[in-house]
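Throughout, protein chains are lettered first and strands after them, A, B, ... in sequence-line order, and every chain is numbered starting at 1.
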Number of protein chains: 2
Amino acid sequence: MQKLTLKKIAQELDVSISTVSKALRDSPEISDDTRQKVKAFATLYNYRPNKIALSLKNRKTKTIGVIIPEIVHHFFTLVVSGIEEVANSRGYNVIIGLSNESFSKEVTGMETLANGSIDGFIMSVARETQLKKDYHHLNETIDQGMPIVMFDRAIDSVACDKVIVDDVEGARKAVAKLLSLQCKNVGILTTEDHVNVGKLRTKGYRKAMKEANLEIREDHILKLADDLNREENLSQLKEVIKTYLMENAAIDGLFAVNEIYALTAMKAAMQLGKDIPKDFKVIGFTDGVLSKYATPSLTTVSQHGKQLGQKAAALLIDRLEKDNFDPPFETVVIETELVERKSTS
Amino acid sequence: MQKLTLKKIAQELDVSISTVSKALRDSPEISDDTRQKVKAFATLYNYRPNKIALSLKNRKTKTIGVIIPEIVHHFFTLVVSGIEEVANSRGYNVIIGLSNESFSKEVTGMETLANGSIDGFIMSVARETQLKKDYHHLNETIDQGMPIVMFDRAIDSVACDKVIVDDVEGARKAVAKLLSLQCKNVGILTTEDHVNVGKLRTKGYRKAMKEANLEIREDHILKLADDLNREENLSQLKEVIKTYLMENAAIDGLFAVNEIYALTAMKAAMQLGKDIPKDFKVIGFTDGVLSKYATPSLTTVSQHGKQLGQKAAALLIDRLEKDNFDPPFETVVIETELVERKSTS
DNA sequence: TATCAACACGAAAACGTTTTCGTGACATGC
DNA sequence: GCATGTCACGAAAACGTTTTCGTGTTGATA
């Protein structure tokens, strides 16, 4: 049983293709008689218009392309689920491309989608792209009239809508919380400076300290090397953190820029005999699944990934459905939220 | 700068559309002169054929649809990453539909994709679909000539390729492991019977016990209600498990059919003063991210989600690229692997 | 010089829609 | 009886490709 088309219906009913099309779309040009005849036939055999043909005709696909660095990652899946939700409710499909943090995969991935398959992009750039600072592929697709919405890892110099997390403020709130809980010495576990979010969250740490009129001790700021993030180096990561905690024994509050750092720090601290949260409090960033199930459960700064995705999709679709793509670009900031758990109370 | 088409190139170079098309595809009909002229122009202005037009012409889209129950789920993201990897390497794109475990979303989601947008499906059915046992939408799409590959939650009565995890054997191996570690009383935390994987893994438990000539004590089998899985009921889940552990104090080995049950059981056991792994050993199922970072880290049965996705994509694309969709259907079983961590040693 | 390949290209159909513009039949108005 | 209008429908173009089938020009051959 092959797909039913307008042409086949027309042949079957001995009318023209145009008549069938119009009848199905309730055109007043068609008599009630024929209209009903056509509609009955169509429903009986379950006619569905071919989407590809429609896309070609209308020059829009009702599909949005999502490019993310990886999918095995809780934050990105939350964003995707938010995107999918509003996209679906507004009649759009979602097509996914993974860059695997690689610049060239990002470029080719976008190229294969930009040739008619989709109407616009929602994306978070690969780490390698951030390092190279090469954004020609973004600017080119925008020049071709295809709108982009960037999220999380947004690039200032690219002219498009953006949805970002307020990393600085989220970090500031976390550190302020630790201070309000009477922590006397608050440290931070962060990344090397070239990782944008690490830099921003460190900025938030400094801000909170400054607001509390506390001296910022550079030896309380531990910048962890990239390669320690890899799974096989987990035990090494723990040792580095443990050393840090021993050398800075006064630290009684710790802010970590991601879940892994926070959990590893908790393990290290417990091995050093510290009692969490009594004499050592920890807050992480990213409301991942680990925080909830850690022992003790971890207080974190939630980024509201799902709302972020919803907002990004809404921005893109709004722009797609304007007859004019030009209105000024927006940058929406998603508020973070401190989710308190056992590691601080 | 709008998209370049064959027609525009033709106008610009004052030749016909066919000539341009042939030149670009290195047809011998075209003289070297014109061919080079056309190609130079095309590369200069970065011509890319419109994919939608090609799809319409060729009646294939080089896109595969993936329908999964949810995306904020480690196992499914692993599968998707595997699918994406081989799909991409073979020139296919991936479009994602989420059913959110809902039957009707699954049906409409498949319908919107089946009308020309994709060449075939890879899917895992929604829980509600399993309950209703209504598979008409699957059979209909297969009847229309669109191939489906089912994974993980596969349905016997649907005639298509399948890639499944050997739940029974995985569970059997896990329980056998506990027994070999000298556990005298091994219990199981499982789901209600209507959850297929729960049923299968329980079967594996029974099998292992039988093979060891041990009596199966029904009170050692705890079937946890569905609604305890929800996040807000986490503490309730822990209490239920704690009660079970108190009533069955002899249990020194526990197999849990998922990560959450396993982690929660570990927490409960520790609160009851048990030492893991010395006097209480735990093994979970699903190689999620939680297991690695739990304290103590959790031994689990890995399902190799990524390989599963790769295999599913390979099966689908192989079938799509045969000129004949009919060859007999395959059911591939992905071997599980016991990943040993601290909760058993 | 008439015939015939070979060559290099163009016209047109096809994929499945939607939409504009005709057009023939019939009824109405004077 | 003639102009005009309405009704109900069909032809054709368009979206951007690929491909089949002409066809006009050239050069060689008999």
Side-chain angles (χ1 to χ4, degrees), chain A residues 2-39 41-42 45-63 112-119 144-146, chain B residues 2-39 41-42 45-63 112-119 144-146:
Chain A
Q2 277 306 312
K3 266 286 167 198
L4 195 54
T5 69
L6 289 187
K7 192 198 256 190
K8 289 183 195 153
I9 301 183
Q11 287 170 347
E12 217 60 44
L13 264 47
D14 213 39
V15 292
S16 78
I17 295 179
S18 358
T19 302
V20 178
S21 174
K22 289 172 189 167
L24 290 175
R25 323 195 87 238
D26 284 322
S27 157
E29 288 183 46
I30 306 298
S31 69
D32 279 357
D33 248 24
T34 15
R35 182 191 333 213
Q36 281 169 24
K37 195 175 55 177
V38 170
K39 284 192 160 187
F41 190 93
Y45 292 103
N46 196 30
Y47 167 77
R48 298 266 179 261
N50 180 303
K51 262 210 146 192
I52 295 290
L54 284 177
S55 296
L56 185 59
K57 181 119 208 10
N58 302 330
R59 283 131 123 223
K60 55 176 80 170
T61 61
K62 289 273 191 177
T63 302
T112 67
L113 292 184
N115 306 128
S117 303
I118 62 163
D119 296 340
Q144 298 200 346
M146 175 159 303
Chain B
Q2 277 306 312
K3 265 286 169 199
L4 195 54
T5 70
L6 288 187
K7 191 199 256 190
K8 288 184 195 150
I9 301 182
Q11 286 170 348
E12 216 60 44
L13 264 48
D14 212 40
V15 291
S16 79
I17 295 179
S18 358
T19 302
V20 177
S21 174
K22 289 171 188 166
L24 291 175
R25 325 194 87 239
D26 284 322
S27 157
E29 286 185 48
I30 305 298
S31 69
D32 280 356
D33 247 23
T34 17
R35 181 190 334 214
Q36 281 168 23
K37 196 175 56 176
V38 170
K39 283 193 160 188
F41 190 93
Y45 292 103
N46 197 31
Y47 168 76
R48 298 267 178 262
N50 181 304
K51 262 210 145 190
I52 295 291
L54 284 176
S55 296
L56 184 59
K57 182 122 207 15
N58 303 330
R59 282 130 122 224
K60 55 174 81 168
T61 61
K62 289 274 193 175
T63 303
T112 67
L113 292 184
N115 305 130
S117 304
I118 61 162
D119 296 340
Q144 297 200 346
M146 174 159 305

- Would you state whether a donor and an acceptor, one from the side chain of A/K22 and one from the base of D/dG10, lie under 3.5 Å apart? yes
- Using a cut-off of less than 4.0 Å, is there contact between a side-chain N or O of B/Y47 and OP1 or OP2 of D/dG16? no
- Message: Over all strands shown, is B/S27 touching base, sugar-phosphate only, or nothing at heavy-atom distances under 4.0 angstrom?
- Response: nothing
- OP1 or OP2 of D/dA11 less than 4.0 angstrom from a side-chain nitrogen or oxygen of A/S16, does that happen here? no
- Message: Could you tell me if the side chain of B/T34 sits less than 4.5 Å from the side chain of B/K37, heavy atoms only?
- Response: yes
- Between D/dT17 atom P and B/R25 atom CZ, what is the distance in whole Å? 11 Å
- Heavy-atom nearest pair, A/L24 first then A/K39, reads O-CE, 4.0 Å
- Message: Can you tell me if A/K7 touches the phosphate of C/dC15, counting only side-chain N or O atoms and a distance under 4.0 Å to OP1 or OP2?
- Response: yes
- Task: Would you indicate which nucleotide in D/dG16, C/dT18, D/dT17 comes nearest to any side-chain atom of B/L54?
- Result: D/dT17
- Look at the side chain of B/T61 and the backbone N and O of B/S117, then say whether any donor-acceptor pair between them is shorter than 3.5 Å. yes
- Starting from C1' on D/dC15, measure out to NZ on B/K51 and report it in whole angstrom. 18 Å
- So, is A/R59 close to the D/dG16 phosphate, meaning a side-chain N or O under 4.0 Å from OP1 or OP2? yes
- Message: Test your reading of the model: is there a side-chain donor-acceptor pair from B/K8 to the backbone of B/K3, 3.5 Å cut-off?
- Response: yes
- Query: Can any side-chain N or O of B/N50 pair as donor or acceptor with the backbone N or O of B/I52 at less than 3.5 Å?
  - Reply: yes
- Message: In whole Å, I'd like the distance from the CD1 atom of B/I9 to the C1' atom of C/dC9.
- Response: 17 Å
- Message: Need to verify one output field. Residue with the more 5' nearest nucleotide on DNA chain D, A/S18 or A/D32?
- Response: A/D32
- Note on the structure: Atom CG of B/N50 and atom C1' of D/dG16 are separated, to the nearest Å, by 6 Å
- Hey, does B/S21 reach any base, or is it just sugar-phosphate, or nothing, if we go heavy atoms under 4.0 Å? base
- Return the 5'-most residue of the pair B/A53, B/R35 with respect to DNA chain C, ranking by each residue's nearest nucleotide. B/R35
- So which one's nearest nucleotide on DNA chain C is more toward 5', B/L56 or B/T19? B/T19
- Query: Does any non-hydrogen side-chain atom of A/M146 lie less than 4.5 Å from one of A/D119?
  - Reply: no
- Message: Tell me the interatomic distance from A/L4, atom CG, to C/dT17, atom C1', rounded to whole angstroms.
- Response: 14 Å
- Query: Rounded to whole angstrom units, what separation is found between the CD1 atom of B/I17 and the P atom of C/dA8?
  - Reply: 22 Å
- Item | Interatomic distance, B/I52 CD1 vs D/dG16 C1' [rounded to whole Å] | 11 Å
- What's the CG-P distance between A/N115 and D/dT17, to the nearest Å? 10 Å
- Query: If you look at every strand shown and take non-hydrogen atoms under 4.0 Å, does B/S55 touch a base, only sugar-phosphate, or nothing?
  - Reply: nothing
- Note on the structure: With the side chain defined as heavy atoms from C-beta on, A/I30 is closest, among D/dT17, C/dT17, D/dC9, to D/dC9
